[in-house]
Amino acid sequence: MTTEAPLDEAQVRVRIAPSPTGDPHVGTAYIGLMNLVFARQRAGKFVLRIEDTDQTRFVAASEQMIFRSLRWIGLAWDEGPDVGGPYGPYRQSERTEIYRRHVDLLLANGWAYRAFETPEELETMRRGQLAAKLPPRYNGAARHLTPEQVEANLAAGKPCTIRLKVPAEGSTTFRDELRGDITFDHANVDDQVLLKSDGYPTYHLANVVDDHLMRISDVIRAEEWISSTPKHILLYQAFGWSRPRFWHMPLLRNLDKSKISKRKNPVSLVYYQQAGFLPQAMLNFLGLMGGGMPQPTEQQIVSSGLNTKEADIFSLTDMLARYDFNRISLGGPVFDLTKLKWLNGEYLRRLSPEQFFAALRSTVLSDTYLAEIAALIQTRIETLGQFGDMTGFLLADNVLPTPEIFLPKKRSLEDTLTFAADMLPALEASAWEHDALDAALRAIGQEKNWSVKETFMLLRAILTGSTQSPPLLESLIVFGKARSIDRVRRFLAFELDRLKRNANAKPLVTSP
RNA sequence: GGCGUUAUGGUGUAACUGGUUAACACGUCGCCCUCUCAAGGCGAAGAGUUCGGGUUCGAGCCCCGAUAACGCUACCA
């Protein structure tokens, strides 16, 4: 019976495994919170592991930002790259040797094979299948390579990947703790690449190996992973390991119900911090996503003298006491800024005047921020009293230029909005420093045949709400990437919406 | 296209093991307070539980079938 199991077998260990590919994501914070609550409720350990196996998407500063942002909303991990722990290293790029060894094991026992197709060949294969209305899958050709052929390819120095040999027949069933049994036919499971040709593992391999080696008991992750879970189960089997429990949490959504994305929502934790959301409000809001927190009963409300609205207001401590993983509702919750703002307002009002002032001084009016702004305008004002005249856009949240400001008479609204929309990915991709931004903006202007002046003017209008401002690039840098991009996004959303409203209103006006 | 998951007002969630007029919060609207705007107080509208069948005295809760949304379908995670 389970009572005989050694203690550490019973120990709950969970983990989050963010990838340092950009700004820390609200989804990471959400899953992190769930993991933290789960662990703390069961006297378990919460591990942070960095999944930096994709060299092409690696962003150097990202890891530190992840640490800072997660700590900011109040998540504390027991083990991780920065705090150490008995099962390290906790950065996958430092574990490549481990994956190599394990993949050799699979090669030896026939659960994996080498494949020599180039990415281009795979791409044409995929396109062909799609064109023929077939499911795009690897055709398994390399399974039939003879040992001699493999040797010859290797000797010729041909790069190769190592793929999982998914059984041709049968199916894999696993239990999702929130949904029950889920079954996948092997016919629908692809021969997943486990080791890339650059020697790094893919998520699937690294994840399973690390979860096992780090003795993870419960994998609490987002729903998007359900379809790859059979691959993971197969790997556990191939290694002869027992598998953890799986809890797939619902996916956070945009207003239109698609998976939350930066095109439609601010998703960077850095944004929320810089825009002046309080971490406790953020945490509270994430705790609301997907249910799990029992509503206080009528009796509890009466006996504790609470206002009914306080049912939605709770701290991490409350969550540890009351959060119930059996009560999670599986429909993907919309990440609704409106409610988050209401919550944040509630928390703001509960601060003492001193705390409130301190909160201002540590964020939107911090010395460092003000110093950066000051540097921008020293040569541009004549009295200190004019400080606010030129810097309001850096202190305000909602800045929307009127058409007179952002739309020169000779240009159409459509062209302008299209251009602004194209700026978004360009800004997103750019490093947030002068030369990179300058190059990015000039490049996109050239592409569209806009003069540098026109390009900069449009962005200036969007960022500052005015045609005159401190230098654009410096202003962008001071305001920050997350907030600047959000400002462009909001401008677009507003104008597109206005366009739509006008179009709808048109029938009322006599058409030409 | 294939596979998987999900489905309660605009949004987040409730509704004890099927049992009276589907509850709370956000948002919206109105009123009160008020020099304004918020906050606060009071009130209203808004879903018959995606749709169609079935079981049952009785179904949001159980069964069957549709539909839709979402996710995955990469040498990304």
Side-chain angles (χ1 to χ4, degrees), chain A residues 17-22 25 27-28 50-58 92 115-123 126 129-138 159-163 171 176 178-180 182-190 192-207 221-231 248 250-260 285-298 301 307-313 327-343 345-346 348-349:
Chain A
S19 210
T21 54
H25 198 276
T28 306
I50 293 293
E51 307 224 332
D52 54 349
T53 57
D54 186 357
Q55 295 178 303
T56 62
R57 296 203 307 158
F58 180 76
Q92 289 185 332
F116 295 87
E117 288 83 359
T118 65
E120 294 71 37
E121 288 168 341
L122 292 173
E123 184 54 35
R126 203 171 298 126
Q129 290 163 330
L130 244 20
K133 297 231 179 234
L134 292 166
R137 306 230 280 116
Y138 176 61
C160 76
T161 63
I162 296 176
R163 287 179 180 268
S171 63
D176 178 287
L178 300 174
R179 291 159 244 263
I182 300 176
T183 299
F184 285 83
D185 277 347
H186 291 333
N188 295 316
V189 182
D190 209 353
Q192 185 64 47
V193 168
L194 300 175
L195 202 70
K196 307 178 223 178
S197 56
D198 64 4
Y200 278 86
T202 59
Y203 170 88
H204 309 280
L205 202 233
N207 200 262
R221 67 201 338 177
E223 185 180 352
E224 57 188 326
W225 292 108
I226 288 178
S227 17
S228 31
T229 305
K231 293 168 187 169
H248 289 98
L251 233 30
L252 264 26
R253 309 289 181 93
N254 298 312
L255 241 16
D256 64 4
K257 297 279 186 181
S258 55
K259 165 170 137 179
I260 193 168
F285 181 65
L286 291 173
L288 244 20
M289 302 282 90
M293 253 326 242
Q295 281 188 0
T297 63
E298 221 168 301
I301 290 174
N307 189 322
T308 49
K309 71 155 56 161
E310 315 219 345
D312 278 347
I313 299 180
R327 296 181 59 98
I328 286 170
S329 67
L330 265 8
V334 170
F335 190 89
D336 185 359
L337 264 320
T338 308
K339 183 136 186 182
L340 172 57
K341 281 189 201 157
W342 165 76
L343 253 182
E346 285 290 320
L348 243 24
R349 274 170 237 127

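Residue numbers begin at 1 in each chain, while the letters A, B, ... track the order of the sequences.
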_Rounded distance (Å) that lies between atom C1' of B:G71 and atom CG of A:Leu330_ = 13 Å

*asked:* Applying the side chain to side chain contact (heavy atoms under 4.5 Å, CB included) criterion to A:Phe184, which one of A:Ser228, A:Pro230, A:Ser171 satisfies it?
replied: A:Pro230

_N/O (side chain, A:Lys133) to phosphate O (OP1/OP2, B:U73) under 4.0 Å_ = no

*What nucleotide among B:A74, B:C75, B:A77 has an atom nearest to a side-chain atom of A:Val193?*
B:C75

*Nearest-Å distance, CD1 (A:Ile182) to C1' (B:C3)?*
12 Å

*Touch check for A:Pro119, heavy atoms < 4.0 angstrom, all strands: base, sugar-phosphate only, or nothing?*
base

*Hey, which of these two, A:Leu134 or A:His204, hits RNA chain B nearer its 5' end, going by closest nucleotide?*
A:Leu134

*Looking across every strand, which nucleic acid part, if any, lies under 4.0 Å from A:Arg221 by heavy atom: base, sugar-phosphate, or nothing?*
nothing

_From C-beta outward on A:Arg163, which listed nucleotide comes closest to its side chain: B:C72, B:G12, B:C75?_
B:C75

*Do the two ring centres, one from A:Phe285 and one from A:Trp342, sit under 6.0 Å apart?*
no

*Round to the nearest Å and state the distance from A:Asp190 atom CG to B:G1 atom P.*
20 Å

*asked:* Without decimals, in angstroms, what is the distance between A:Ile260 CD1 and B:A69 C1'?
replied: 17 Å

*Heavy-atom donor-acceptor pair, A:Thr202 side-chain to B:C75 base, under 3.5 Å*: no

*Choosing from B:A14, B:C70, B:U5, which nucleotide comes nearest the side chain of A:Lys259?*
B:C70

_Over all strands shown, is A:Ser197 touching base, sugar-phosphate only, or nothing at heavy-atom distances under 4.0 angstrom?_
base

*Within less than 4.0 Å of OP1 or OP2 of B:C72, is there a side-chain N or O belonging to A:Arg137?*
no

*Base, sugar-phosphate, or nothing: which does A:Glu123 touch, judged by heavy atoms less than 4.0 Å apart?*
nothing

*Any idea which of B:C26, B:C70, B:G40 is nearest the A:Ser258 side chain?*
B:C70

*Under 4.0 Å between any heavy atoms, over every strand shown, what does A:Phe184 touch: base, sugar-phosphate, or nothing? Just pick one.*
sugar-phosphate

*Considering only side-chain heavy atoms of A:Asn188, which listed nucleotide, B:G1, B:C3, B:A77, is closest?*
B:C3

